[in-house]
Amino acid sequence: MTNPDMVNGPGQAGLPPVKGGMPGLGPSRWRRRAKSVGGVAVSLVLTLLGLLLVTFIIGRVMPIDPVLKVVGERATQAQYDAAYQAMGLDRPLWDQFLRYMAEVLRGDFGRSISTGHPVVEDLKRVFPATFELALLGTLIGVFVGVPLGVIAAAQRGGWIDQIARVVALVGYSMPIFWLGLMGLLLFYGILGWVGGPGRQGIIFDGFVPTVTGMILVDSLIARDWAAFRDAFSHIILPASLLGYFSLAYISRMTRSFMLEQLSAEYITTARVKGLSEWRVIWGHAFRNIFVPLITVIALSFGSLLEGSVLTEIVFSWPGIGQYITKALLAGDMNAVLGGTVLIGTCFVALNLISDILYRVLDPRAK
Amino acid sequence: MTDLTTRAWLLSDAPQTRRQARLGAFYQGWLTFKANRLAMFGLVILILLLLMAAFAPWIAPQNPVAQNLAERLKPPSSAHWLGTDSLGRDILSRLIHGSRVTLFIVGTVALIAPVIGLFVGTVAGFAGGWVDQVLMRITDIFLAFPKLILALAFVAALGPGIGNAVLALAITSWPPYARLARAETLTIRNADYIAAARLQGAGPLRLLIGHIWPLCISSLIVRVALDMAGIILSAAGLGFLGLGAQPPMPEWGAMISDGRTYILDFWWVAAMPGMAIFIVSLAFNLLGDGLRDVLDPKGAKE
């Protein structure tokens with residue numbers, strides 16, 4: 001958990017606020033909020049700087065000689081020296097870091113050695129594929145995981161609760177790439193229900209005009225139903241796989257949030273008033289777990305962006321995970337670092353968004 | 001008879017010596033743990049795994065790296081219980097020897113990461129002020145990175161290999177321990193007994209090592225036990241990508257990667273090592289849950 005405060009937020013929901021202020025809340029509310037917004041901004045900038053610093057250090061300690069990669073093995077000493085200076089490697093480290101930072105801020109990650117394109121262009125091309133996959137996975141995780149967690153909490157100890165427990169335990173213990181292979185074997189190899197590896201069948205490849213880069217969306221825009229069906233048959237298996245891991249986490253968290261709410265006094269009150277169990281659970285308790293749930297969903301989306309690395313390898317999915325791994329095996333450091341910075345930035349952004357939503361949506365934070 | 005008295009001695013309400021009290025507390029923890037059947041199941045599997053790793057050369061029916069191309073890709077049979085891989089090597093033997101690799105990776109990471117975390121977290125919490133600010137900022141930066149991606153980047157920079165994989169996993173998994181240790185330290189720091197020790201003249205180093213570390217350790221152990229499965233999965237992931245143990249070392253993740261090419265026709269090559277990873281990480285998860293109930297009753301309510 002990146003931020004424990006966020007998860008522990010709605011502790012005593014339903015209890016009236018204590019008059020006279022709670023202990024430990026010193027300065028006025030206004031100043032506290034201004035301070036916390038300032039703090040978020042400062043920590044955001046520092047984190048991003050640190051991200052760049054770490055990738056810079058990784059790029060510098062690598063044993064591969066970047067100059068040799070450019071000039072080739074048979075270059076003369078003079079050619080080597082010229083390239084060495086052109087790449088700025090003779091300058092002091094802090095100077096190199098400032099240059100690196102300036103380049104990244106301009107959106108320049110250098111040129112990928114393996115594809116020959118600027119890294120930014122490559123990333124623009126591969127990121128939508130990963131985004132589409134992770135988004136669909138998260139949607140599956142939310143629409144299955146949340147109801148599962150709520151029902152498991154409402155019927156604690158019942159058979160649905162037991163199933164939810166097993167589902168989560170298996171999800172936490174299963175190597176995702178292995179499950180992907182077994183899924184391919186069963187649903188593609190034996191049953192033939194889904195499309196094979198890749199994003200599209202060979203006849204649809206490059207047919208749909210690129211608008212967003214997400215083929216499902218693009219084929220809808222182009223009203224190309226056959227292409228949509230084909231893309232769907234390819235994405236459904238990897239997305240369900242990621243969705244399963246996402247729902248293992250989301251259902252566990254939903255369950256524990258719900259249990260906390262259901263033991264609160266306002267629930268007893270609602271029951272005493274004679275409300276139906278359905279309204280107590282979905283109308284009262286569930287509405288109060290909305291805010292922490294958003295944090296959980298954002299975190300889970302972030303971890304799917306990461307988890308997609310292995311999944312993309314298994315399914316030959318041309319996304320950022322496959323891009324980074326291929327670059328890695330080719331010793332293409334610019335591409336690896338560019339991809340790492342992009343995913344790290346997504347993580348930071350997701351944390352920030354969930355933090356802001358938390359402040360906006362939770363009336364007690366105002 | 002002696003059994004009964006030993007038990008009574010252990011469960012005594014009025015222990016005579018410090019040793020008796022300590023052993024008694026340990027015994028009660030064991031009783032709680034033993035009552036949890038799933039956790040016991042996890043423990044048994046892990047003990048079996050340890051034995052398997054220790055006696056691998058004697059248990060394994062064949063040499064894990066001996067190639068026999070005439071016998072390649074044979075399905076499970078009486079000669080090869082789990083079949084053979086693309087070089088005709090016996091998969092069961094490779095799995096048995098692979099348990100050593102897995103235990104080595106998990107054990108080393110689980111030793112390095114919490115120690116770094118304990119050190120950073122307690123120093124930050126105990127020193128406070130700018131030291132705390134700087135250390136926690138560094139921790140946040142590492143937390144902002146997705147773990148696997150950062151480990152990938154590190155291995156890319158250091159070069160693939162089992163030692164570097166361990167290093168990369170340790171570097172990426174210490175921050176949560178630092179957070180945990182810092183939180184514990186903050187609650188302990190102002191306790192009366194720390195003040196008492198300070199009045200007796202204990203310096204900061206003695207307070208840190210003698211009084212604060214011992215109290216942080218039990219929650220760290222629970223966290224480590226719960227994280228073990230994740231470490232196994234990450235290590236297997238690195239192996240699958242070809243960045244962990246290098247061939248011909250029988251690493252489970254790399255074995256799955258070998259079987260990937262043949263998945264549609266020779267399913268057992270990839271299926272068997274995956275089952276092994278699943279069983280071991282499941283066992284670690286069950287054990288972790290049980291340990292949490294014993295060592296950290298507060299957290300068990302979840």
Side-chain angles (χ1 to χ4, degrees), chain A residues 1-2 4 43 46-51 53-55 57-64 169-170 172-179 181-182 184-185 188-190 252 255-256 259 302-303 305-307 309-310 313-314 321 324-325 327-329 331 333 336-337 339-340 343-348 351, chain B residues 38 137-138 140-150 152-160 175-176 179-180 183 226 229-230 232-234 236-238 240-243 252-253 256-257 259-260 263-265 267 270-271 273-275 277-286 288-289 301-302:
Chain A
M1 207 58 36
T2 31
S43 84
L46 283 180
T47 310
L48 288 176
L49 264 182
L51 210 91
L53 185 61
V54 172
T55 50
I57 292 171
I58 292 176
R60 284 299 167 273
V61 300
M62 63 174 183
I64 308 160
L169 192 61
V170 171
Y172 286 145
S173 313
M174 190 75 88
I176 187 169
F177 49 98
W178 181 70
L179 199 60
L181 281 175
M182 295 299 121
L184 265 183
L185 171 66
Y188 171 65
I190 298 177
R252 264 354 251 170
R255 178 179 178 273
S256 80
L259 283 180
S303 67
L305 281 180
E306 179 190 15
V309 173
L310 292 165
I313 299 296
V314 171
I324 291 180
T325 321
L328 226 154
L329 296 175
M333 226 40 204
V336 174
L337 295 183
T340 311
I343 294 193
T345 312
C346 285
F347 254 52
V348 176
N351 271 327
Chain B
L38 284 174
R137 192 53 61 209
I138 294 174
D140 280 350
I141 289 167
F142 274 88
L143 275 176
F145 267 110
K147 250 176 84 172
L148 186 67
I149 305 273
L150 186 59
L152 281 182
F154 269 113
V155 177
L158 300 170
R179 284 242 175 175
L180 189 65
L226 288 170
I232 291 187
L233 295 182
S234 305
L238 286 182
F240 179 73
L241 295 176
L243 300 169
W252 294 349
I256 297 182
S257 166
R260 193 188 147 212
I263 183 71
L264 294 181
D265 301 307
W267 55 269
M275 283 307 288
I277 297 174
F278 172 60
I279 291 170
V280 172
S281 64
L282 185 70
F284 270 117
N285 271 329
L286 295 174
D289 277 348
K301 295 214 179 75
E302 187 267 328

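Order of the sequence lines fixes the chain letters, A, B, ..., with proteins taken first and strands second; residue numbering starts at 1 for each chain. This is a predicted model, so every value here is computed, not measured.
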Heavy-atom donor-acceptor pair, S257(B) side chain to F240(B) backbone, under 3.5 Å: yes

Heavy-atom pairs under 4.5 Å with chain B, option from T55(A), L48(A), V54(A), L185(A) with the top count: L185(A)

Between L181(A), L337(A), L305(A), the one whose heavy-atom pairs under 4.5 Å with chain B are most numerous: L181(A)

Structural part of L243(B) lying under 4.5 Å from a heavy atom of chain A: side chain

Closest approach of S173(A) to N285(B) (non-hydrogen atoms, all atoms of both residues): OG-ND2, 2.8 Å

Contact check, side chains of I277(B) and M174(A), non-hydrogen atoms, under 4.5 Å: no

Segment of F177(A) engaging chain B (4.5 angstrom heavy-atom cut-off): side chain

For chain A, the option from G230(B), A236(B), P175(B) that forms the most heavy-atom pairs under 4.5 Å: A236(B)

Among V309(A), V348(A), V314(A), residue most engaged with chain B (heavy-atom pairs, under 4.5 Å): V314(A)

Donor-acceptor contact present, side-chain W178(A) to main-chain I256(B), <3.5 Å: no

Beyond-backbone contact of L38(B) with L169(A), side-chain heavy atoms, under 4.5 angstrom: no

Option that, when pairs with chain B are counted at under 4.5 Å, heavy atom only, ranks first among V170(A), L179(A), V336(A): V170(A)

Check: I313(A) main-chain N/O paired with R260(B) side-chain donor or acceptor under 3.5 Å: yes

Residue, of D265(B), I232(B), I141(B), that accumulates the most heavy atom pairs under 4.5 Å with chain A: I141(B)

side-chain contact (heavy atoms from CB on, under 4.5 Å) between L184(A) and I263(B), intermediate numbers included: CA-CA 8 Å; L184(A) 265 183; I263(B) 183 71; 5.5 Å; no

Largest heavy-atom contact set with chain B, pairs under 4.5 Å, which of I176(A), T340(A), T325(A), I190(A): T340(A)

